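A quick note: this is a predicted structure, and the numbers were derived from the prediction, not measured. Residue indices begin at 1 and follow the sequence shown.
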Amino acid sequence: MKGTYLGEFEEVVLLAVAIRTGDAYGAAVVNEIEQQMGRSVNLGAVHSALNRLQEKGLVNSEMGGMTAERGGRRKRLYTVTAYGRRALEEIRQLRNQMWGAIPNTAWT
């Protein structure tokens with residue numbers, strides 16, 4: 001298992017996988033990110049991030065069933081692992097802590 005550091009894009013991809021529970025495959029993750037963030041993303045970049053997340057033990061994947069709309073090809077479906085959930089919770093806690101540490105005078 002690789003280190004637990006997550007870059008911004010990996011964090012966003014991991015969050016999208018969590019949102020799409022049960023239906024998180026490459027194109028669905030792209031659509032979720034674009035919808036949530038109003039930001040265009042490349043499918044290849046998402047697949048690369050999913051591979052890194054899997055190497056780090058933050059997501060698991062399995063092949064879904066064959067579908068007629070995909071010409072009989074199967075989708076690789078991703079799910080967040082318990083380790084991935086803990087990583088997201090730690091990131092959220094750290095961000096909230098840092099936001100809370102900003103003095104009011106910083107905004108004047």
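- E10 places a side-chain N or O within donor-acceptor distance of the main-chain N or O of G7, the cut-off being under 3.5 Å.
- One distance of note links CG of L14 with CZ of F9; it measures 12.0 Å at 0.5 Å rounding.
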### side chain to side chain contact (heavy atoms under 4.5 Å, CB included) between Y78 and R20, intermediate numbers included
CA-CA 9 Å; Y78 294 87; R20 299 292 305 218; over 6 Å; no
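- At a threshold of 4.5 Å between side-chain heavy atoms, the hydrophobic network of Ile, Leu, Val, Met, Phe, Trp and Tyr places M63 and V17 in two separate groups.
- To the nearest 0.5 angstrom, T79 atom OG1 is 5.0 Å from N60 atom CG.
- Between E11 and R92, none of the side-chain N atoms (NZ, or NE/NH1/NH2) sits under 4.0 Å from a carboxylate O, so this pair counts as no salt bridge.
- Scanning all heavy atoms of the two residues, the minimum distance from V46 to G26 falls at CG1-O, 4.0 Å.
- The line from CG of L53 to OG of S61 is 11.0 Å long, rounded to the nearest 0.5 Å.
- Taking CE of M98 as the reference point, atom CG of L94 lies at 6.0 Å (rounded to 0.5 Å).
- A salt bridge is absent between E34 and R39; no separation between the charged side-chain nitrogens and carboxylate oxygens falls under 4.0 Å.
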#### Entry: side chain to side chain contact (heavy atoms under 4.5 Å, CB included) assessment of V13 paired with L50
CA-CA 7 Å; V13 170; L50 287 167; 3.7 Å; yes
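- Heavy-atom contacts from other residues, nucleotides or ligands closer than 6.0 Å to CD of E8 number 12 or fewer.
- Not a single donor-acceptor pair under 3.5 Å links the side chain of K56 to the backbone N or O of G84.
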### Message
salt bridge (charged side-chain N to carboxylate O under 4.0 Å, His left out), that's the test. Do R76 and E62 meet it? Break it down for me.
### Response
CA-CA 6 Å; R76 180 166 297 280; E62 63 182 32; over 6 Å; no
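- Between H47 and L43, the closest side-chain pair of non-hydrogen atoms falls below 4.5 Å.
- Checked for salt-bridge contact, E90 and R86 miss the test: no charged N lies under 4.0 Å from a carboxylate O.
- The minimum heavy-atom distance linking L88 with A18 is given by the pair CD1-CB, 4.5 Å.
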### Query
What's the verdict on side chain to side chain contact (heavy atoms under 4.5 Å, CB included) for I91 and L6, showing C-alpha distance, side-chain angles and the deciding distance?
CA-CA 9 Å; I91 290 166; L6 288 179; 3.4 Å; yes
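- The two residues G57 and T81 come nearest to each other via the heavy atoms O-OG1, 2.7 Å.
- The cluster map of Ile, Leu, Val, Met, Phe, Trp and Tyr, joined by side-chain heavy atoms under 4.5 Å apart, puts I19 and L77 in different clusters.
- Summarising the geometry, atom CG belonging to L15 is positioned 9.0 Å from atom CD belonging to Q36; distances are rounded to the nearest 0.5 Å.
- Closest non-hydrogen pair, V12 versus M37, comes out as CG1-SD, 3.4 Å.
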